[in-house]
Amino acid sequence: MLGRTHLAIGLATTATVITNPHALPQALITAGISSLLPDIDEEHSLIRRKIDIIPGLPLGFPLLLIADYFLWHYKYFSLLAAILFAVYIGFAYFTKHRGFTHSFAGFATFILILVLSDKMLLIPAIIGYGMHLVADLMTNAGIELLYPYERRFGFHLFNTGSIIDQSIGLIATFIFFAMLYHNFTGMRIPFKTFTRL
Ligand SMILES: [Zn+2]
């Protein structure tokens, strides 16, 4: 699935679940990053192009390890969280696309890192990452949910980059902005008008 579709789905779901306007900005940033994170295992993905800086060079790997060291040094990460982060990044960079980072093992590692460091980010992180896996499950390529078992699971509904993928992104973007409007203005969307039709 396209990176921007993942981002739109993660943001729309978070804006629907977390309705407190004060908690929403931090939640949206967390969910946005989490919704892109699983595709760090693919060098042409939206998140990898940002982290690697120079396309085609896996510069992001040493940069993330340096960031990991400083997060541990300044006590944001415990030693175990720092080790798990390094393991996650290692698997992401050096195993194939839609494998570890798209599996229960990768999801659990990611959640454990947050449980050990910043529980405040847990709910939007679970939403962002979880919705990425659900969305990729719908595609023809599927994902290796039970990694290291190599079988791919999926519902084979559409291709990544297809018109359906793009349409889902557009609908999710619309829902995201509608929910933002709803949350920040306190205005109730008149759902009854739909049910009356
Ligand atoms: Zn993916």
Side-chain angles (χ1 to χ4, degrees), residues 1-17 27-53 55-61 63-64 67 84-114 121-173 175-176:
M1 210 157 197
L2 293 169
R4 60 174 186 267
T5 307
H6 282 304
L7 185 62
I9 293 172
L11 294 179
T13 314
T14 305
T16 306
V17 173
L28 289 176
I29 293 168
T30 308
I33 295 169
S34 306
S35 71
L36 296 174
L37 189 62
D39 283 346
I40 200 169
D41 65 356
E42 210 285 305
E43 66 174 315
H44 302 293
S45 67
L46 188 57
I47 190 163
R48 265 292 280 278
R49 279 184 275 133
K50 298 277 179 250
I51 295 174
D52 283 348
I53 306 167
L57 265 183
L59 257 184
F61 181 65
L63 289 176
L64 285 169
L84 285 172
F85 187 74
V87 168
Y88 183 93
I89 298 303
F91 270 97
Y93 267 79
F94 300 109
T95 58
K96 61 181 189 293
H97 184 38
R98 292 180 177 241
F100 173 75
T101 61
H102 289 69
S103 69
F104 286 124
F107 194 11
T109 307
F110 174 65
I111 297 305
L112 197 51
I113 293 166
L114 288 178
L121 305 178
L122 212 49
I123 291 174
I126 289 172
I127 293 172
Y129 205 109
M131 289 307 290
H132 183 116
L133 301 190
V134 170
D136 274 354
L137 260 179
M138 304 298 152
T139 63
N140 284 327
I143 55 175
E144 289 180 19
L145 212 48
L146 300 179
Y147 182 92
Y149 177 50
E150 285 193 350
R151 195 190 144 190
R152 283 200 173 193
F153 295 86
F155 293 102
H156 309 286
L157 297 178
F158 55 87
N159 278 324
T160 295
S162 64
I163 189 78
I164 298 176
D165 185 338
Q166 301 192 36
S167 304
I168 293 170
L170 271 177
I171 294 165
T173 305
I175 294 171
F176 169 57

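Residues take their numbers from the sequence shown, with the count starting at 1. One-based numbering, in listed order, for ligands and for the atoms of each.
Taking backbone and side-chain atoms together, His6 has no N/O/S atom less than 2.8 Å away from the Zn ion (ligand 1). With 2.8 Å as the limit, His102 counts as an N, O or S neighbour of the Zn ion (ligand 1).
Among heteroatoms of the N, O or S kind in Asp39, OD1 lies nearest the Zn ion (ligand 1). Here the N, O or S atom of Asp136 that is nearest to the Zn ion (ligand 1) is OD2.
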After noting the C-alpha distance and the side-chain angles of His97 and His102, does the key distance pass the side-chain hydrogen bond (donor to acceptor under 3.5 Å, both in side chains) rule? CA-CA 8 Å; His97 184 38; His102 289 69; 4.8 Å; no
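Within 6.0 Å of the CD1 atom in Ile123, the count of heavy atoms belonging to other residues, nucleotides or ligands does not exceed 12.
Taking the centre and axis of the six-membered ring of Tyr147, the NZ or CZ atom of Arg98 falls outside the cone set by 45° and 6.0 Å.
In terms of heavy atoms, Phe61 sits closest to Asp52 at N-OD1, 4.4 Å.
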